[in-house]
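Read the structure below first, then the notes.
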Amino acid sequence: MIDFKQLAEQYGTPLYIYDLEHMTGQFSSLGSAFKGRKSLMAYAVKANSNLSVIKHFAQLGAGADCVSIGEVRRAMLGGIAKYKIIFSGVGKRDDEIREALERDILYINVESAAELERVDAIAQELGIKARISIRVNPNIDPKTHPYISTGLHDNKFGVDLDTAKRMYIRAKNSKNLDPVGVHFHIGSQLTELVPIREAAIIVADLVRSLQALDIELSFFDVGGGLGVEYDDEKTIEPYAYAQALLSTLTGLDMTIICEPGRFLTANAGYFLTKVLYEKQNGKKRFVVVDGAMNDLLRPSLYNAYHRIELLENDAEATTADIVGPVCESGDFLAKDYMLPMTKHNDLLVVNSAGAYGFGMGSNYNTRGRSAEVAVEKGEARLIRRRETFEDLIALEEEFVK
Ligand SMILES: *Cc1c(COP(=O)(O)O)cnc(C)c1O
C-alpha cells in the first residue's frame with residue numbers, strides 16, 4: 001500500500017508517484033508470454049521518460065523504442081544497451097539521423113521514401129552501412145481513439161505496402177543501407193486482438209514476398225499499443241497477444257520486437273492532487289484542485305477517463321467536474337464524476353497516470369512541473385524534483401533588455 005498522505009506531506013502536491021514493482025510485474029508478464037522465442041521488449045520511452053524509470057527497465061533487460069534523439073540519449077543514459085535501441089518517428093532531422101548512426105543503435109525505423117534517401121546520404125557521408133527497418137502502415141482500423149490510431153492510411157505514420165516494397169528493394173541495392181527489420185504500430189490503447197493479428201498477417205506476407213527477392217529481414221517489430229484498464233474496459237492478455245502474433249510467423253526465423261509503453265507504466269502511476277475549493281455555478285458543482293492540464297493532459301486532449309479516489313472521506317457523493325487552476329475551459333481531470341463533498345486540502349488520487357502523464361506536461365500558466373517519486377520495496381524516493389519559478393525563467397532571464 002502506498003501512503004499517499006505521507007507522500008503528500010513529504011513532497012507536496014501535485015505529485016506523480018510510480019510503483020516500480022508494478023512495472024516489473026508488467027514487464028515480466030509480457031516477456032514471459034514470448035519466452036522460448038527470440039524476442040526483445042523495447043520500452044517505448046515516451047510513455048514515461050524519467051531516467052530512473054528507464055534505468056529500472058534497463059536493469060530488467062529491456063531495450064528502448066525512441067521517437068527523438070533526445071529519447072535515444074535518455075535511453076543510453078538510463079543504461080539501455082545501444083544494440084537494443086530503435087529510433088522511430090515520422091520527422092527525423094538530419095542531425096538526429098546522423099547522431100543515431102554514430103551511436104550505432106540497433107536500427108532506424110524509416111517512415112517515408114524521402115527519409116530513406118536522407119538516411120542513405122548521411123550513412124554515405126559517415127562511411128557506414130545504416131541498419132534500417134521500414135514502418136509499414138497496413139491500413140487496419142485498430143478501433144481505438146482517433147488521436148491514438150496510427151495504422152490507417154489517413155494517419156501520418158508509415159508507408160503503404162507497395163511503397164514499403166519499393167523502399168526495401170532500394171535499400172538492398174544501396175551500399176549504404178542494410179534493411180534488417182520491418183515495423184508496424186497500428187495504434188495505442190488497443191483492446192482487440194483481431195486488428196493486431198490482421199496487421200501482423202499483412203506484414204508477415206510482405207516479409208515472405210521480400211524473401212523471394214532475396215531480402216532477408218531479422219526483426220519483426222510489432223510496435224506497442226497494448227491497452228490497459230482505466231475504467232472497466234476489457235484488455236488483451238499478454239499470452240493471447242503473443243500467440244496471435246507468433247502464429248502469423250510460421251516458417252519465418254525472426255526476432256520479435258515489442259514496443260510496449262502504456263502497458264508497462266500506466267497503472268503503475270498515480271497523480272496526487274489536493275483540493276483547493278468547492279464551488280457551485282448554478283446547479284453545476286466544481287471541485288477545484290491544485291493539479292491541472294499542464295500536469296496531466298490526457299483528460300483534456302483525449303477526453304480520457306481516469307479513476308479518481310478521494311482519500312479519507314466518505315461523505316455522500318454527487319457529481320462534480322474536477323478542474324484545475326489553468327485558464328482554459330478544457331482544463332479538467334474529470335467531468336460529471338461522482339465524488340463526496342470535499343474540504344480544503346483533501347487529497348485526490350488520480351489512477352493510471354504512469355503513462356503519457358508527466359511527459360505530456362508543460363509550463364503553461366507559468367506552472368512548474370510536478371515532482372516525481374518512485375516507490376519500491378516500501379521505500380519512496382524522489383526521482384525528479386519539483387520545478388521552481390527560477391527553473392521556469394532560467395532560459396529567458398538573461399535576454400531581458
Ligand atoms: C508510442 C509508440 C509506442 C508505444 O505505444 P503504447 O501504446 O504506449 O504501447 C510504440 N511504438 C511506437 C513507434 C510508438 O510511437
Side-chain angles (χ1 to χ4, degrees), residues 23 26-27 29-31 33 40-49 53-54 57 62-68 70-72 74-75 80 84-92 100 105-112 115 132-138 142-152 155-159 181-193 195-196 199-200 203 219-230 233 235-236 238 241-242 245 256-269 297-298 301-302 304 352-360:
M23 293 184 189
Q26 292 296 98
F27 186 84
S29 75
L30 191 57
L40 172 67
M41 299 297 128
Y43 171 51
V45 168
K46 72 175 185 288
N48 185 329
S49 53
V53 171
I54 296 174
F57 286 118
D65 174 59
C66 304
V67 293
S68 70
E71 286 192 354
V72 173
R74 268 186 192 271
I80 293 185
K84 292 183 181 176
I85 295 177
I86 299 156
F87 184 17
S88 307
V90 282
K92 305 179 195 73
I105 61 170
L106 180 58
Y107 57 76
I108 293 182
N109 191 17
V110 176
E111 300 215 17
S112 63
E115 186 191 350
I132 58 129
S133 76
I134 292 171
R135 178 164 181 175
V136 177
N137 181 325
K143 305 204 166 61
T144 184
H145 189 284
Y147 279 20
I148 50 179
S149 153
T150 54
L152 280 167
N155 302 125
K156 68 179 177 177
F157 299 98
V159 297
V182 65
H183 173 270
F184 64 97
H185 169 75
I186 60 173
S188 200
Q189 185 54 15
L190 307 177
T191 54
E192 292 186 35
L193 208 44
I196 300 174
V203 177
F219 301 102
F220 193 82
D221 184 341
V222 302
L226 265 184
V228 299
E229 211 178 306
Y230 286 97
E233 50 275 82
T235 54
I236 300 169
Y241 176 70
L245 290 167
I256 286 223
I257 299 187
C258 296
E259 300 172 347
R262 187 190 312 271
F263 178 81
L264 297 182
T265 63
N267 281 327
L297 185 62
R298 297 188 70 258
L301 185 62
Y302 309 125
S352 312
Y356 308 104
F358 181 91
M360 281 191 176

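Counting convention: from 1, in listed order, for ligands and their atoms alike.
- A salt bridge links Lys92 with Glu115: the closest approach of a Lys/Arg side-chain nitrogen to an acidic carboxylate oxygen falls below 4.0 angstrom.
- Not a single donor-acceptor pair under 3.5 Å links the side chain of Tyr356 to the backbone N or O of Ala266.
- The single protein non-hydrogen atom nearest to atom 12 (C) of ligand 1 is Asp65 OD2, 3.2 Å, given as residue, atom name and distance.
- The contact set between ligand 1 and Arg135, taken as ligand atoms under 4.0 Å from a residue heavy atom, comprises 13 (C).
- Between Ser88 and the choices Val110, Ile108, Asn109, the side chain to side chain contact (heavy atoms under 4.5 Å, CB included) rule is met once, by Asn109.
- The heavy atom nearest to atom 6 (P) of ligand 1, out of those in Gly225, Gly187, Pro260, Cys66, is found in Gly225.
- In terms of protein heavy atoms, atom 11 (N) of ligand 1 is closest to Glu259 OE1, 2.6 Å.
- Checking side-chain atoms of Arg135 against main-chain N and O of His185 turns up a donor-acceptor pair under 3.5 Å.
- Considering backbone and side-chain N/O atoms, Val67 never comes within less than 3.5 Å of an N/O atom of ligand 1.
- Within the listing of ligand 1, atoms 1 (C), 2 (C), 3 (C), 4 (C), 14 (C), 15 (O) sit less than 4.0 angstrom from a heavy atom of Lys46.
- Here Ser188 has heavy atoms under 4.0 Å from ligand 1 in both its backbone and its side chain.
- Put simply, the side chain of Gln189 gets close to the backbone of Val228: a donor and an acceptor are under 3.5 Å apart.
- A distance-only check finds no donor-acceptor pair linking the side chain of Thr235 to the backbone of Gly227 [under 3.5 Å].
- Contact annotation for Arg262 and ligand 1: heavy atoms of both the backbone and the side chain come within less than 4.0 Å of the ligand.
- Residue Ala44 has at least one heavy-atom neighbour below 4.0 Å for each of these atoms of ligand 1: 3 (C), 4 (C), 10 (C).
- Residue contacts with ligand 1, taken as heavy atom pairs separated by less than 4.0 Å, involve Tyr356 solely via side-chain atoms from C-beta onward.
- Across all non-hydrogen atoms, the minimal contact from Val136 to Phe184 is O-CB, 3.6 Å.
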